[in-house]
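Below is one structure, written out as structure tokens, with a few remarks after it.
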Amino acid sequence: METGNIMINLDEFKKQAYKFVDWIAAYYKDIEKYSVKPDVEPYQVYRKLPANPPEKGEPVDMIFEDFKRIILPGMTHWQSPDFYAFFPANSSLPSLLAEMLTAALGAQCMKWDTSPAATELEELVMNWLKKMTGLPDYFHGVIQDTASTSTLCALLTAREKTSNFEINNEGFKSAGDYRVYCSAEAHSSVDKAVKIAGIGERNITRIETDEHFSLKPAVLEDMIRKDLKEGRKPLCVVATLGTTSSTAVDPLQQISDICSNYNIWLHVDAAYAGSALILPEYRHMLAGIEKVDSFVFNPHKWLFTNFDCSAYFVKDREILIRTFRVVPEYLKSVTGGKVNDYCDWGIQLGRRFRALKLWFVIRNHGVEGLQDKLRKHISLARYFEEEIRGSGSFELTAPVNFNLICFRFKPSNIEDNEKLNRLNEQLLKNINESGKIYLSHTKLKGTYTLRMVTGQTNVEKKHVARAWKIIQEQAMNLKY
Ligand SMILES: Cc1ncc(COP(=O)(O)O)c(C=O)c1O
């Protein structure tokens, strides 16, 4: 194929874009035909690609062919209804359409001045989310890229509030031993945030959990008292609504009382399960919310909005802004202080127009449409749970709180936990190597556990029934 200076023009762009849209529609239609997890070895894709960039431009047709031939077979199909691993990064067609517009506008949404409508739409959709989830009206919302970033923002803000902005101004000269508390089951993004915030990994205290994998508030209070007695400074508690391993819910009411008594910042990580708050039957999780300082959940996990879109809420926006705000001459604007300049609400200066896809998703589904979808996912999990309970050879390893089922294969003639762990590790390997479905794993108090999340946008009962059949077949084929 001829190569040269062939950067596409608008006419060519139109032709290609129509082709791409056709390809996307066919991809979604046929997505179940793809092996959900690719059969590739490390660097197999890399070695198929040229080591040097092309000197001359190449036609889009040629690049697209290589995408289909080399890239696609090395991709995991996260939007497949056979994807049950980790937590989903679920998308939807209105979100995809909005992402096209976002890419077309190519706008930087750092300040109101640089994209007024994007800033105002962000404020609006964050207010919509508060109404949809029952979060307090006095919260202020901002879209961050990920929950990891949101939690880091929370820790940095807590640090500055507690040190009276001394660390921002002077560095860590006299700050002393801060302590951050979270459950043994909290996400690793808390450890990462503690490291980045300069608090030091040794200053994170992971609190023991109960038989449901929820934080034990009495132990938390004991640890706080002990630290105070020994001259340390309790800085922040991170409570999780929906832990990564088993979607356990920490008792927010009791934790919030403790934080308020000892004047400690309370951050809530509801990265996955926060979406369930759009269902009134899950609002009980919010008891104690009035004492919460910051809260995060990810519409990019379970609210049908393309990655990335993390909804971060704070009670006191002035402290957040004071923690992050830096205004050099070239960023000064006459509207400063009258409108939200979201670059002051977090780490990034440049920001994508993420509010647009959320706006499309909420409008096109409607709140009821979103609720229906979540309830359906939850009912699919209940169906799978019942299958496990009735099987005789599998068992649940954690309560099913939302749409994650934690389970393991447990033949009646094996009692030894280590043996069962090895058996289930092998089972997961065989299931995933089949390419038909994709599950992930965790360990719950030493028990190797298979995790199955029925949260993919288009998952139906027929998919879950098929997955259950595959899991049983693979278990029957195990040699033990
Ligand atoms: C409870 C919890 N918190 C935080 C995260 C991190 O999310 P993100 O990838 O948006 O940083 C996850 C990811 O699965 C999670 O399950």
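Note that ligands are numbered from 1 as they come in the structure, with each ligand's atoms numbered from 1 the same way. Note that these values count all heavy atoms, side chains included, but never hydrogens, waters or copies made by symmetry. If you're wondering where the values come from, they're calculated on a predicted model, not measured in any experiment. The first residue in the sequence is number 1, and the count goes up from there.
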Practice task
Please work out which of the three classes, parallel, tilted or perpendicular, describes the rings of Phe139 and Phe313, given edges at 30° and 60°.
Solution key: parallel
Exercise for the section: Let me know which protein residues bring a heavy atom to under 4.0 Å of ligand 1; chain then number is fine for ordering. Expected result: Phe87, Thr146, Ala147, Ser148, His187, Ser189, Gly242, Thr244, Asp269, Ala271, Asn298, His300, Lys301
Exercise for the section: Please name all residues satisfying side chain to side chain contact (heavy atoms under 4.5 Å, CB included) with Gln44, sequence neighbours left out, ordered by chain then number. Expected result: Val40, Glu41, Lys48
Problem - Short N-O contact, Arg322 and Glu318, less than 4.0 angstrom - result: no
Problem - Partners meeting side chain to side chain contact (heavy atoms under 4.5 Å, CB included) with Ile196 (sequence neighbours left out) - result: Leu152, Lys192
Practice task
Give a yes or no on whether a salt bridge exists between Glu385 and Arg389, defined as a side-chain N under 4.0 angstrom from a carboxylate O.
Solution key: yes
Show the atom names and distances, to 0.1 Å, of all donor-acceptor pairs under 3.5 Å that link a side chain in residues 236-249 to residues at least two apart or in another chain.
from   : atom 1 : to     : atom 2 : distance (Å)
Thr243 : OG1    : Thr247 : N      : 3.3
Thr243 : OG1    : Ala248 : N      : 2.9
Ser245 : OG     : Thr442 : OG1    : 2.6

